Amino acid sequence: MIEGRGRGSQLRGQSRCPWRELGLPGNLCCFLLSGEPSVPQVRVSAMLPMDELLSHLGPSLLLLLQLQLLLPPASAFFPNIWSLLAAPGSITHQDLTEEAALNVTLQLFLEQPPPGRPPLRLEDFLGRTLLADNLFAAYFGPGSPSRRFRAALGEVSRANAAQDFLPTSRNDPDLHFDAERLGQGRTRLVGALGETVVAARALDHTLARQRLGAALHALQDFYSHSNWVELGKQQPHPHLLWPRQGLRNLAQVGDPTCSDCEGLSCPGNLLGFTLLTSGYFGTHPSKPPGKCSHGGHFDQSSSQPPRGGINKDSTSPGFSPHHMLHLQAANLALLASIQAFSLLRSRLGDRGFSRLLDITPASSLSFVLDTTGSMGEEINAAKIQARHIVEQRRGGPMEPTHYVLVPFHDPGFGPVFTTSDPDSFWQQLNEIHALGGGDEPEMCLSALELALLHTPPLSDIFVFTDASPKDAFLTNRVKSLTQERRCRVTFLVTEDPSRVQGRPRREVLSPLRFEPYEAVALASGGEVIFTKDQYIRDVAAIAGDSVANLVTLPLEPPVVVPERPLVFSVDGLLQRVTVRIHGEVSSFWIRNPAGVSQGQEEGEGPLGHTRRFGKFWMVSMNDPLQTGTWEIQVTAKGTPRVRVQAQTSLDFLFHFGIPMEDGPHPGLYPLTQPVAGLQTQLLVEVTGLGSRRNPGDPLPHFSHIVLRGVPHGAELGRVPLEPMGPRERGLLAASLPPTLLSTAGPFSLELIGQDGVGQGLHRAAPQPCAVVPVLLEVRCQRKVRLRLERTGPAAPPLTGPPPQLSGPSGFLAPGTEALLSLRIASFSGPQDLDLKTSVNPSFALTSNLSRVHLEQNESAWGCLWLKVPDTAASDSVVMVTVTAMDREASTVPPTHAFLRLLVLGPAPQVRCPHFPLQDRQGEGRAVQAYLGAATLTASPSSPQDQLPAPVHSTDPVLTTTSSVFHLSTLVTPGRAGGGLVGNPWRGTVGAVLLLLGLASW
């Protein structure tokens, strides 16, 4: 028996672990740790009979420790922590998802001792709040950043919450276990988990996290929307995650389930029966007589007899008639979520699971290389740096987890090479040689776009070239893509006009020809470094430094002003500070808070070591640095560039969102970038709060955000931050000022606060943000027949909102045509816009919306059709881009929307008889990956018990809410502004800017 006694509970009486007798890849024990003592405690005994344990995981065994649930207050369950404003004390989808992931991550750490470090002990975590920062510090070492891991969890959590906001999912009963569609809901749940496995094995972890979030949302909703808790169940449903077992004892259409309830709270409205049911929500599908409603103020069905409802989404009776069972439902949903993560770990293996959630402090390594004949020195420099990084970090926590290599020349670029094996990367890189000529310019930005498509978020990309871009027309698109992917791009340019044996040029090139590189570097938070062949090997060393998780310190002013020093702050949590100066510098000095100065002389000085490589200077400051205000004075011709970087685990992530307060699931819908004229919230997540100079010091405190214009750094405002939830989680929120949102343009974020002893803390976001002129959304509907009859742009407009198609899954199949929906909305005034579309790789893409005029608070809808050729490569990533440009104002930046899709290969033949439900494109392969089996056989007992149909179909079916569907353009006046609340299209914001926009810092 395994037993716990609340805080500081001890293990006793467990002599052996039966999972090893089952041949599992690792122990699937799940430990849930305590959180805030101010939240009510729920203790659950998890000792199950062996047959029930086996039924939970099929051939896997999940041992559950006695658990103490002390989650921070957070909602079906409500979407995210913003929901606390509507129902304080509730537990949200975000809480459940993150707590489950942390528990399985801890189990992974317990089973896989860190190389060169003592193994973790469970007793060190009992009775403590389980935090990502603490886990990483214990496993990888003090100061190891958890930023990427927390960003990956954020992607999953926001994809989970989006199921309550997206018009394609929020009212689909199959995705929420509503309307007694329990068998169909289980089918969709298993399909989404299978799609997670498929995408993860194809190394498309962004898409995998989206599908995982959708799966977890449905899984968690089951315990809130069904009567599983009311039936007295103390453990998760044993067959919900295991599709070989049917769902039994389901209520049928003619079975009455609820009695009438007049009040908000309905503790006894379920009739006395043992059948499994769930509540109906809204009017589609309509509630049959005698059936239960979901319930709450916004459920129209709850006003029809029998009134009331059974949902347990929150602690508020106004939203949840069974609010008194909210904590019990949340507890079971948490256990089920832990099971789901554990199943994914068993399917993907520890390495694959770690990559899915980015369980590493290290970043990836991405090189974009010009391979024309004049690039010999640059290619050798890249090889040397790559070899140095691989050898220096091999086997350690900072070893890169992903390698990307994209060559380019004129007129070609690619192919892209991706791997997680350092030896394969080195071998591929070593085979690249500078061959051939090719006139300047080159296809640099095309190659960079390809690298961005395959590089994980929060990564650095290094471009080696000696030529200007031939494809400068891609500048704005690549800028937007760097911000969407949150990748920093550094250009190492060895362009030397005096070189005698350079590449030929057909024409005199403009001295401004490198401006596209400058624009991309500025937008991504990177830089352009001009150097010469003789220095490139030394300058390329910055690639190794960047892999070490450096942060850029904010300067005041941000750019060099003659006769005025640059000021930056050093706190006790910074290490390995480096000052880089680039330009026609005649002299400079650096001064510490004590007044000690060091000039530009090379070699060792009183403050650090100075090296010079032509026009590039690097000063490595000596540790430990004196804390306080430092100064840099630079004298130079032109405008030199100064950058100060340091190592620290104290950093922050951020994302934007729109409050969704008027609806059944209040919360914050995430945006990639704020939209002009649209009320927007900023959410900040501080990482590394546990990194204090002295263990006993109080936690750092952050009070406000400084907003600055880009590139000149003028202060646009200071916004106070409000804590959201327990302080140790580091979640803060602020309302962006209307003046910032009144016009489109870039801005930067700086986080201001104090450490535990009152010393100032100052951190800058790695890259600037931008207020975009319009809201632009593109999403993938589930499927469309190849022979679908459709109308063109001249067809009459729809008379109502676009059809509610189910999905999206984000998967494509060779030889099919995918239907994409497009929405554009203006909140800041009249807009005359041209719309352009593109796809990478070059598949056929057509659109019925190329030009639109919008008044303020007006939206337009359109459709795109993407033809996937029969020759499309399996597991290949497809990026659809939609660009909206103002026809009149050339100074208004364009808005881009990106949609990332994955091509699935043919699925193995799988038998699943007696299945009446609609099949899903690619679900065969997804379920196959999830089950790890070659053939399925079943004998379902009822239509709702049917197993999912894992049959790969090449003729998908378009499902609509009406029998006649004419695809066209729809313009709806007066619905954009107030339309962020209410009905599905008027009341939500869809897949904002791109479905990938759910990922953020």
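Here the structure is a predicted model, which is why all the values come from computation and not from measurement.
Classification of the Y517-F491 ring pair by plane angle, with boundaries at 30° and 60°, yields parallel. Using bins of under 30°, 30° to 60° and over 60° for the plane-to-plane angle, the ring pair Y669/F165 lands in the perpendicular bin.
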Stepwise side-chain contact (heavy atoms from CB on, under 4.5 Å) test for L776 and V882: CA-CA 8 Å; L776 187 61; V882 181; 4.1 Å; yes

Pair V551-L650, side-chain contact (heavy atoms from CB on, under 4.5 Å): steps then yes or no: CA-CA 9 Å; V551 298; L650 184 67; over 6 Å; no

Step by step, would you call V577 with Q645 a side-chain contact (heavy atoms from CB on, under 4.5 Å)? CA-CA 6 Å; V577 175; Q645 293 185 305; over 6 Å; no

Salt bridge (Lys or Arg N to Asp or Glu O under 4.0 Å) between E518 and R641, intermediate numbers included: CA-CA 12 Å; E518 302 279 5; R641 302 170 190 172; 2.3 Å; yes

Please evaluate residues E631 and R564 with respect to the criterion salt bridge (Lys or Arg N to Asp or Glu O under 4.0 Å), reporting the C-alpha separation (whole Å), side-chain torsions for both, the decisive distance (0.1 Å), and the verdict. CA-CA 10 Å; E631 295 181 342; R564 180 180 173 184; over 6 Å; no

Determine whether R170 and D164 satisfy the following criterion, salt bridge (Lys or Arg N to Asp or Glu O under 4.0 Å), listing intermediate values before the conclusion. CA-CA 5 Å; R170 66 172 290 177; D164 281 333; over 6 Å; no

Check step by step if side-chain contact (heavy atoms from CB on, under 4.5 Å) holds for Q831 and I824. CA-CA 11 Å; Q831 304 268 4; I824 184 169; over 6 Å; no

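L736 has its side chain out of reach of V771: every pair of non-hydrogen atoms, C-beta onward, lies at least 4.5 Å apart. Residues P593 and W630 have side chains in contact (heavy-atom distance under 4.5 Å, counting atoms from C-beta outward). Side-chain contact between D313 and F319 is absent, with no heavy-atom pair separated by less than 4.5 Å. Residues L751 and V686 are in side-chain contact: their nearest non-hydrogen atoms beyond the backbone lie under 4.5 Å apart. L683 places none of its side-chain heavy atoms less than 4.5 Å from the side chain of L653. Using a 4.5 Å cut-off on side-chain heavy atoms (C-beta onward), L445 and T475 make contact. Side-chain atoms of L689 and P700, non-hydrogen and from C-beta on, do get closer than 4.5 Å to each other. Side-chain contact between L749 and F654 is present, with at least one heavy-atom pair separated by less than 4.5 Å.
Side chains of R729 and T129: a donor-acceptor N/O pair is absent below 3.5 angstrom, by distance only. No hydrogens or angles considered: a donor-acceptor pair under 3.5 Å links the side chains of R718 and H704. Using modelled atom types and a 3.5 Å distance limit, the side chains of Q767 and T482 yield no donor-acceptor pair. With no hydrogens or angles considered, a side-chain donor-acceptor pair links R823 and S859 at under 3.5 Å. The closest side-chain donor-acceptor pair between T687 and D651, if any, does not fall under 3.5 angstrom.
With hydrogens and angles disregarded, no donor-acceptor distance shorter than 3.5 Å links the side chain of R148 to the backbone of S459. Put simply, the side chain of R727 gets close to the backbone of L699: a donor and an acceptor are under 3.5 Å apart. Formation of a donor-acceptor pair under 3.5 Å by the T168 side chain with backbone atoms of L166 is not found in this model. With S169 contributing its side chain and Q163 its backbone, the two residues share a donor-acceptor pair below 3.5 Å. Counting only distance, with no hydrogens or angles, the side chain of T672 and the backbone of E484 share no donor-acceptor pair below 3.5 Å. Although no hydrogens or angles enter the test, the distance criterion places a donor-acceptor pair under 3.5 Å between the side chain of Q856 and the main chain of F827. Checking side-chain atoms of E98 against main-chain N and O of S157 turns up no donor-acceptor pair under 3.5 Å. A donor-acceptor pair under 3.5 Å links the side-chain atoms of S524 to the main chain of V489, judged by distance alone. Side chain of R708 to backbone of E750: no donor-acceptor contact under 3.5 angstrom is found.
In terms of heavy atoms, T680 sits closest to V675 at OG1-N, 4.4 Å. Minimum interatomic distance between V774 and T895 (heavy atoms only, all atoms of both residues): O-CG2, 3.5 Å. Counting all heavy atoms, side chain and backbone alike, P557 lies closest to L566 at O-CD2, 3.2 Å. The minimum heavy-atom distance between P670 and H655, with the atom names listed, is CB-CD2, 4.2 Å. Considering all non-hydrogen atoms of both residues, G89 and T315 come closest at O-CG2, 3.6 Å. The nearest pair of heavy atoms linking T881 to R477 is CG2-CD, 3.5 Å.
L474 CG to L448 CG: the interatomic distance, rounded to the nearest 0.5 Å, is 9.5 Å. In this structure, OG1 in T627 is found 8.5 Å from CG in D755, a value given to the nearest 0.5 Å. Atom CZ in R887 sits 4.5 Å away from atom CG in D832 (nearest 0.5 Å). Between the CG atom of L625 and the CG atom of D571 there is a distance of 10.5 Å, given to the nearest 0.5 Å. To the nearest 0.5 Å, the span separating CG on L573 from OG on S649 amounts to 7.0 Å. Here L481 contributes atom CG and M879 contributes atom CE; the two are 5.0 Å apart, rounded to the nearest 0.5 Å.
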